[in-house]
Amino acid sequence: MQTRYAEIPAYVTKDGSQIRELMHPAQHGNRLQSLAEATVAPGARTQLHRHALTEELYHVTSGSGLMTLGEACFKVGAGDTVLIPPGTPHRIEATGTAPLRMLCCCSPPYSHEDTELLEGA
């Protein structure tokens, strides 16, 4: 199975980031994981949220940001990868003048149902 970036429509996910599902079981036939590109506009951030079941990997491909992961808060930039264990509150903010872009790998695959927005986000 192959996908073509130009043919994948973007949508806004529950946490507020713009997403392109590069490979997702609901659309492409894979089973155990999903791969998406997320874009966060300069100065914007996703809402604080967590996933009860899903383990995520964020791999920053361009831009710079500030990652909140549980109680930790740290800078991220192109080439950095962050592990987000299930149940861990997290959000990311684009701190530069360009959009923050990252690949998001989820296992099991991303679902809105497994995304819990947290109070005070």
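- Linking ILVMFWY residues whenever their side-chain heavy atoms come closer than 4.5 Å, directly or via other members, places L69 and V40 in the same cluster.
- To the nearest 0.5 angstrom, I84 atom CD1 is 11.0 Å from C105 atom SG.
- Between T97 and P42 there is no side-chain heavy-atom pair separated by less than 4.5 Å.
- With sequence neighbours left out, H59 forms a side chain to side chain donor-acceptor pair (under 3.5 Å) with T81.
- Separation of atoms CD (E55) and CD (Q33) is listed at 10.5 Å; rounding is to 0.5 Å.
- R91 and L48 get closest at one heavy-atom pair: NH1-CB, 3.7 Å.
- From T3, atom OG1 reaches atom CD of Q27 across 9.5 Å, with rounding to the nearest 0.5 Å.
- Each of E21, R20, Q18 was checked for a side-chain contact (heavy atoms from CB on, under 4.5 Å) with Y11, and the lone residue meeting it is E21.
- A donor atom on one side chain and an acceptor atom on the other are not found under 3.5 Å apart for D15 and T13.
- Side-chain N or O atoms of S34 include none that pairs as donor or acceptor with a backbone N or O of M23 at under 3.5 Å.
- Without hydrogens or angle criteria, T54 side chain to H51 main chain gives no donor-acceptor distance under 3.5 Å.
- No donor-acceptor distance shorter than 3.5 angstrom exists from the side chain of K75 to the backbone of L66, with no hydrogens or angles considered.
- Under a hydrophobic clustering in which Ile, Leu, Val, Met, Phe, Trp and Tyr are joined whenever their side-chain heavy atoms come within less than 4.5 Å, directly or via other members, I92 and L35 fall into different clusters.
- The two atoms that bring A38 and C104 nearest to each other are CB-SG, 3.8 Å, heavy atoms only.
- Two residues are said to be in side-chain contact when any heavy atoms from C-beta on lie closer than 4.5 Å; L100 and V60 meet this criterion.
- Chaining together hydrophobic side chains whose heavy atoms lie under 4.5 Å apart places L57 alongside L83.
- Formation of a donor-acceptor pair under 3.5 Å by the D114 side chain with backbone atoms of S111 is not found in this model.
- At distances below 3.5 Å, at least one donor-acceptor pair connects side-chain atoms of S107 with backbone N or O atoms of L32.
- The closest side-chain heavy-atom distance from E37 to I19 is not below 4.5 Å.
- To the nearest 0.5 Å, atom CD of residue E7 and atom CD of residue Q2 are 8.5 Å apart.
- The line from OG of S17 to CZ of R45 is 14.0 Å long, rounded to the nearest 0.5 Å.
- Using a 4.5 Å heavy-atom threshold, the side chains of V76 and Y58 count as separate.
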Using the rule given for side chain to side chain donor-acceptor pair (under 3.5 Å), can you reason through R101 versus T61, listing the C-alpha separation, both sets of side-chain angles and the distance that settles it, and then say yes or no? CA-CA 6 Å; R101 294 189 194 278; T61 58; over 6 Å; no

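- In terms of modelled atom types and a separation under 3.5 Å, the side chain of H90 and the main chain of T88 share a donor-acceptor contact.
- No donor-acceptor contact under 3.5 angstrom links the side chains of Y110 and E56, judged on distance only.
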